[in-house]
Amino acid sequence: MKNNLFGFGCMRLPLLDKNDQTSVDFELTEKLFDEYLERGFTYFDTAYVYHGEKGESIVKKALVDRHERSGFELATKLPLWNLKTKEQMEEIFNKQLDNLGVKYVDYYLLHCLTKDNYKTAEELDAFEFIANKKKLGYAKHIGFSFHDTPELLDEILTKHGDAVDFVQLQINYLDWEAENVQSRRCLEVAKKHLKPVTVMEPCKGGKLVNISEDAVELLKECSPEKSIASWAFRFCLSQSGVARVLSGMNSMEQLEDNLNTIDNFEHLSEKENEVLNKVVELIQSKTAIACTGCSYCTKECPMNIAIPDYFELFNNSKAFPKAHDEQIARYKNTISKNGKPIDCIECGQCEDKCPQHLEIRSLLKQVSEQFDK
């Protein structure tokens, strides 16, 4: 059924103030949620840490308080970084139910398993914890989101595969063979263990919508009637083993485009796959920093450095050199409200949190060299 194919990701809801993740535009969010439901889709994905730890409460206000519980499915996640005791997991889970205003969640995930977070999960028996929540009826399905190597994913599923129902992976055509993500190999591991995959970052945080003009020309020449975003979703849904694709939408135009793509879904043809390979080559030649803008890195930055914003400016300055003056103006506006890249004290907390495994401290120095002239 189509409503199982496409989920509403709630990490990037529309904001009234771009610099304040808690300033969600409730009026627009409600309209987006309503339209999504009216078109026959039901899956909403949020997390404890989204929108400055206000994300679940926002979903409660815009969705749960306004619609029948049987009319939608909720997914949320247990953050593992910073957890020290088993008691904390229980406290957070109970708070999440309260935040969402529900007695159960349909899908509950261990959030962002990496080598370090998996170590914490093992120390705290986190898999046993979520399995117990399922047994008691507080979670209908359990799984985990993952940002690490195929080898680690295989290790986790070999040990805990019987406990979990699904895996959430970062998959998109740009990261398909990327060394720091390895989408294809991770998907193959999940398929080996017979775990259906929910896809996150199909558009790589919007990067695969805002591609260069020459890349757009390639796609439009091949299929002029199809939107740029539709290529990303069709790529993911054309892969065997993929059960659902999530998308974070913050405008009605984005929502309608994605819904139309799913309603009229067509698998990628051999020719279209060949075109995407050429597009990947173009994007890679112009992308300096593979940041998705998730902002996990900024949550505990002691210098309040707007890392994703600076990386976006840096990428734009490289990809669109003719608009360099515009990027300089945006850079000056950003540093007026946030710490500068040069202010980094190299504590490394950001790199521990980065799902893309970027060398953020070194990259911030490059940003400073580019703009602080």
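Note that the structure is a prediction, hence the values are computed from the model and not measured.
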(message) Tell me whether E351 contacts the main-chain N or O of G348 through its side chain, where contact means a donor paired with an acceptor under 3.5 Å.
(response) no

(request) Measure the spacing between CD of E312 and OG1 of T334 and express it to the nearest 0.5 Å. (result) 9.0 Å

(request) Would you please classify the geometry between the Y331 ring and the F371 ring as parallel, tilted or perpendicular, with 30° and 60° separating the classes? (result) parallel

(request) Check whether more than 12 heavy atoms from other residues, nucleotides or ligands sit under 6.0 Å from atom CD of E225, and answer yes or no. (result) yes

(message) Is the positively charged end of R69 above the ring of Y104, judged by distance under 6.0 angstrom from the centroid and angle within 45° of the axis?
(response) yes

(message) Salt bridge or not between K31 and E35? Use side-chain N to carboxylate O under 4.0 Å.
(response) no

(message) With a 3.5 Å distance limit and no angle check, can you tell me whether Q168 reaches the backbone of F146 through a side-chain donor-acceptor pair?
(response) no

(request) Could you label the plane-to-plane angle of the Y107 and H141 rings as parallel, tilted or perpendicular, counting under 30° as parallel and over 60° as perpendicular? (result) parallel

(message) If hydrophobic clusters are built from ILVMFWY residues whose side chains come within less than 4.5 Å, do L136 and I92 share one?
(response) yes

(request) Kindly check if the number of other-residue, nucleotide or ligand heavy atoms within 6.0 Å of NZ (K220) is above 12? (result) yes

(message) With a 4.5 Å cut-off on side-chain heavy atoms, are L358 and C291 touching?
(response) yes

(request) Taking the side chain as every heavy atom from C-beta outward, state whether E151 and R185 have any atom pair closer than 4.5 Å. (result) yes

(request) Please assess Y43 against F72 for the test side-chain contact (heavy atoms from CB on, under 4.5 Å), listing each intermediate value before the final yes or no. (result) CA-CA 6 Å; Y43 190 100; F72 57 85; over 6 Å; no

(request) Please examine the side chains of L208 and F235, heavy atoms only from C-beta on, and report whether any two atoms are closer than 4.5 Å. (result) no

(message) Working to the nearest 0.5 angstrom, can you tell me the gap between K115 NZ and T120 OG1?
(response) 12.5 Å

(request) Kindly give the heavy-atom pair with the smallest separation between P302 and Q349, and that separation in Å. (result) CD-NE2, 4.0 Å

(request) Determine yes or no for a side-chain-to-main-chain donor-acceptor pair under 3.5 angstrom, with N338 supplying the side chain and A306 the backbone. (result) no

(request) Mark yes or no for whether D106, through its side chain, and L74, through its backbone, hold a donor-acceptor pair below 3.5 Å. (result) yes

(message) For F44 and Y36, I'd like to know if the aromatic rings sit close, meaning centre-to-centre distance below 6.0 Å.
(response) yes

(request) Mind listing the closest non-hydrogen atom pair of I305 and D343 along with its distance? (result) CD1-C, 4.1 Å

(message) Grouping I, L, V, M, F, W and Y whenever their side-chain heavy atoms are under 4.5 Å apart, do L78 and M200 come out in a common cluster?
(response) no

(request) Please test K134 against Y108 for side chain to side chain donor-acceptor pair (under 3.5 Å), starting from the C-alpha separation and ending with a verdict. (result) CA-CA 9 Å; K134 178 182 177 181; Y108 196 60; over 6 Å; no

(request) Quick one: closest heavy-atom pair of T22 and H51, and the distance? (result) CG2-O, 3.6 Å

(request) For V64 and G101, work out which heavy atoms get closest and say how close. (result) CG1-O, 3.7 Å

(request) Starting from the C-alpha separation in whole Å, work towards a yes-or-no answer on side chain to side chain donor-acceptor pair (under 3.5 Å) for D116 and T114. (result) CA-CA 5 Å; D116 290 338; T114 60; 5.5 Å; no

(message) Taking L218's backbone N and O only, do any of them form a donor-acceptor pair with K278's side chain (distance below 3.5 Å, no angle check)?
(response) no

(message) Please determine whether residues L282 and V209 belong to a single hydrophobic cluster, defined as Ile, Leu, Val, Met, Phe, Trp and Tyr linked transitively by side-chain heavy-atom distances below 4.5 Å.
(response) no

(request) Hey, can you tell me if Y138 and F93 have their rings parallel, tilted or perpendicular (30° and 60° cut-offs)? (result) perpendicular

(message) Test your reading of the model: is there a side-chain donor-acceptor pair from S336 to the backbone of N333, 3.5 Å cut-off?
(response) yes

(message) Main chain of T298, side chain of S295: is a donor-acceptor contact present, judged purely on distance under 3.5 Å?
(response) no

(request) Check whether any side-chain N or O of S362 sits under 3.5 Å from a backbone N or O of E359 as a donor-acceptor pair, and report yes or no. (result) no

(request) Could you walk me through whether E256 and N260 pass side chain to side chain donor-acceptor pair (under 3.5 Å), step by step? (result) CA-CA 6 Å; E256 291 293 345; N260 289 334; 4.7 Å; no

(message) Whether D165 and K140 form a salt bridge (side-chain N of Lys/Arg under 4.0 Å from carboxylate O of Asp/Glu) is what I want to check.
(response) no

(request) Could you tell me which non-hydrogen atom of S247 sits nearest to which non-hydrogen atom of N258, and how far apart they are? (result) OG-ND2, 3.1 Å

(request) Step through it carefully: locate the ring centre of F233, locate the ring centre of F265, and say whether they are under 6.0 Å apart. (result) no

(message) side-chain contact (heavy atoms from CB on, under 4.5 Å) for Y173 and K204? Distances and angles first, verdict last.
(response) CA-CA 9 Å; Y173 64 75; K204 201 171 175 65; over 6 Å; no

(message) So S251 and P14, do their side chains get closer than 4.5 Å, heavy atoms only?
(response) no

(message) Quick check: closest heavy atoms across Q239 and L187, and the distance to 0.1 Å?
(response) CB-CD2, 3.8 Å

(message) When you group the ILVMFWY residues by side-chain heavy-atom contacts below 4.5 Å and let the links chain together, are L276 and V181 in the same group?
(response) no

(request) Taking only Lys NZ, Arg NE, NH1 and NH2, and the carboxylate oxygens of Asp or Glu, determine whether D263 and R39 approach each other closer than 4.0 Å. (result) yes

(message) Surrounding NZ of K226 (heavy atoms of other residues, nucleotides or ligands, distance under 6.0 Å), is the total greater than 12?
(response) yes

(request) Hey, could you give me the NZ/CG distance between K340 and N304, rounded to the nearest 0.5 Å? (result) 13.5 Å

(message) Are L259 and I228 connected into the same hydrophobic cluster when the rule is that any two of I, L, V, M, F, W, Y join if their side-chain heavy atoms are below 4.5 Å apart?
(response) yes

(message) For a side-chain contact (heavy atoms from CB on, under 4.5 Å) check, start with the C-alpha distance between D148 and L153, then their side-chain angles and the critical distance, and finish with the verdict.
(response) CA-CA 7 Å; D148 214 296; L153 180 60; over 6 Å; no

(request) Could you tell me whether a side-chain N or O of T46 sits under 3.5 Å from a main-chain N or O of T76, the two making a donor and an acceptor? (result) no

(message) Return the CD to CG distance between E123 and L80, rounded to the nearest 0.5 Å.
(response) 11.0 Å

(message) Please check this pair: side chain of D175 against backbone of A178, looking for a donor-acceptor N/O pair closer than 3.5 Å.
(response) no

(request) Determine whether the aromatic ring centres of F8 and F33 lie less than 6.0 Å apart. (result) yes

(message) If you count heavy atoms of other groups shown closer than 6.0 angstrom to NZ of K191, is the number above 12?
(response) yes

(message) On the six-membered ring of F26, is K61 placed so that its NZ or CZ lies under 6.0 angstrom from the centre and within 45° of the ring axis?
(response) yes

(request) Please report the C-alpha distance between D25 and N250 in whole Å, then the side-chain angles of each, then the deciding distance to 0.1 Å, and finally whether the side-chain contact (heavy atoms from CB on, under 4.5 Å) criterion is met. (result) CA-CA 9 Å; D25 185 335; N250 48 48; over 6 Å; no

(message) Can you confirm whether or not the ring centre of Y296 sits under 6.0 Å from the ring centre of H111?
(response) yes

(message) Nearest 0.5 angstrom please: R234 CZ to C236 SG, how far?
(response) 12.0 Å

(request) Measure the spacing between SG of C10 and CG of L246 and express it to the nearest 0.5 Å. (result) 9.5 Å

(message) For a salt bridge (Lys or Arg N to Asp or Glu O under 4.0 Å) check, start with the C-alpha distance between D45 and K77, then their side-chain angles and the critical distance, and finish with the verdict.
(response) CA-CA 9 Å; D45 173 270; K77 312 176 188 74; 2.8 Å; yes

(request) Please lay out, stage by stage, how E201 and H147 fare under the test side chain to side chain donor-acceptor pair (under 3.5 Å). (result) CA-CA 11 Å; E201 302 287 2; H147 290 281; over 6 Å; no

(message) Does D17, at its CG atom, have more than 12 non-hydrogen atoms belonging to other residues, nucleotides or ligands within less than 6.0 Å?
(response) yes

